[in-house]
Amino acid sequence: MDELLSKGPWEECVISTALYHCASFTQILELPAYIQTTRALMIIGSILGLPAVGLLLMSMPCISLGNETQSSKNKRAILGGVLMLIVALCAMVPTIWFPIGANQEFRLMSFGFSLYTGWVGTVFCLLGGMMLMCSSDSSTSSSRTYQDNNHFYYSKQGGGNQPAASSNNHAKSAHV
């Protein structure tokens with residue numbers, strides 16, 4: 001009978017044509033070091049991901065928290081980018097180390113789609129964190145509020161019965 005052994009950081013499964021049986025790892029201290037490290041880093045990455053997303057949402061241009069300055073929004077975006085890079089590192093180490101350790105221990109080559117999802121998520125977190133850190137202006141010289149930095153201008157034409165050749169008929173800008 002052909003059976004496939006699939007192992008993850010939380011449980012081990014035996015898959016065959018008529019059977020799908022999984023057993024959870026209950027004894028934490030008896031597990032190999034690569035499984036314990038994988039679990040710890042995935043939990044740390046998950047815990048750090050929530051504040052990172054919260055900081056990034058609060059640094060969006062459409063959200064204003066009181067009368068905050070642009071530099072405080074930029075600092076928040078940079079901190080969120082740093083946390084995203086830490087989350088990416090916390091996901092990269094287990095998604096590389098776990099398959100190597102499982103393959104050396106059991107000659108196991110079936111890891112499931114969660115491993116590939118971890119690689120894709122790691123790449124997105126790395127790219128997002130790097131883009132946030134590189135695109136945010138970290139200068140603290142600007143003490144203007146966020147609303148002062150984002151003015152929209154409109155053009156106001158002169159009166160309707162002024163001649164078109166008049167030099168006073170040019171567009172004028174005004175803050176909206």
Side-chain angles (χ1 to χ4, degrees), residues 1-66 68-140 146:
M1 187 159 97
D2 291 309
E3 291 183 345
L4 178 67
L5 179 66
S6 178
K7 184 174 186 175
W10 307 103
E11 62 186 7
E12 184 175 44
C13 296
V14 176
I15 305 166
S16 68
T17 55
L19 175 70
Y20 188 83
H21 178 71
C22 293
S24 297
F25 297 134
T26 56
Q27 300 297 324
I28 295 173
L29 298 177
E30 293 177 3
L31 293 173
Y34 72 94
I35 293 179
Q36 291 179 6
T37 307
T38 298
R39 285 179 165 191
L41 287 173
M42 285 300 197
I43 290 171
I44 290 169
S46 297
I47 290 172
L48 289 178
L50 186 63
V53 170
L55 284 170
L56 294 174
L57 286 175
M58 288 189 298
S59 66
M60 290 177 59
C62 61
I63 295 178
S64 178
L65 301 174
E68 69 181 345
T69 61
Q70 180 66 30
S71 64
S72 67
K73 262 190 187 297
N74 289 337
K75 288 178 186 176
R76 196 177 304 128
I78 289 172
L79 181 61
V82 168
L83 283 177
M84 287 304 282
L85 287 176
I86 293 171
V87 167
L89 290 176
C90 285
M92 183 182 355
V93 171
T95 55
I96 293 172
W97 193 14
F98 181 79
I100 292 171
N103 189 29
Q104 287 177 352
E105 188 177 353
F106 297 110
R107 295 286 174 217
L108 181 69
M109 293 305 294
S110 174
F111 301 106
F113 292 111
S114 61
L115 182 70
Y116 306 117
T117 305
W119 287 341
V120 171
T122 298
V123 169
F124 282 143
C125 285
L126 277 174
L127 289 176
M130 286 190 294
M131 286 191 317
L132 283 166
M133 289 186 58
C134 292
S135 66
S136 294
D137 183 23
S138 62
S139 65
T140 59
Y146 181 73

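- To the nearest 0.5 Å, atoms CZ (F98) and OG (S114) are separated by 8.0 Å.
- Note on residues 32-54: no pairs pass salt bridge (charged side-chain N to carboxylate O under 4.0 Å, His left out), not counting sequence neighbours.
- A side-chain donor from one of Y34 and E105 sits under 3.5 Å from a side-chain acceptor of the other.
- The distance from the CD1 atom of I15 to the NE2 atom of H21 is 12.0 Å, given to the nearest 0.5 Å.
- Here the shortest heavy-atom pairing between A52 and G80 reads CB-O, 4.1 Å.
- The heavy-atom pair separating P51 from I47 by the smallest distance is CD-O, 3.0 Å.
- From L79, atom CG reaches atom CE of M84 across 12.5 Å, with rounding to the nearest 0.5 Å.
- Of all the heavy atoms in I63 and L57, the pair that sits closest is CD1-O, 3.1 Å.
- Using a 4.5 Å heavy-atom threshold, the side chains of L55 and K75 count as separate.
- One distance of note links CG of L65 with NZ of K73; it measures 6.0 Å at 0.5 Å rounding.
- Heavy-atom minimum distance, V87 versus C125: CG1-SG, 4.1 Å.
- The two atoms that bring M58 and R76 nearest to each other are O-NH1, 2.9 Å, heavy atoms only.
- Rounded to the nearest 0.5 angstrom, N74 CG and L132 CG are separated by 11.0 Å.
- L85 is listed as a side-chain neighbour of L126, based on a closest heavy-atom distance under 4.5 Å.
- Among residues at least two apart or in separate chains, there is no ring pair (Phe, Tyr, Trp, His ring centres under 6.0 Å) pair with a member in residues 70-90.
- From I44, atom CD1 reaches atom OG1 of T37 across 10.0 Å, with rounding to the nearest 0.5 Å.
- Here the closest heavy-atom approach between residue I35 and residue L31 is recorded as CG2-CD1, 3.8 Å.
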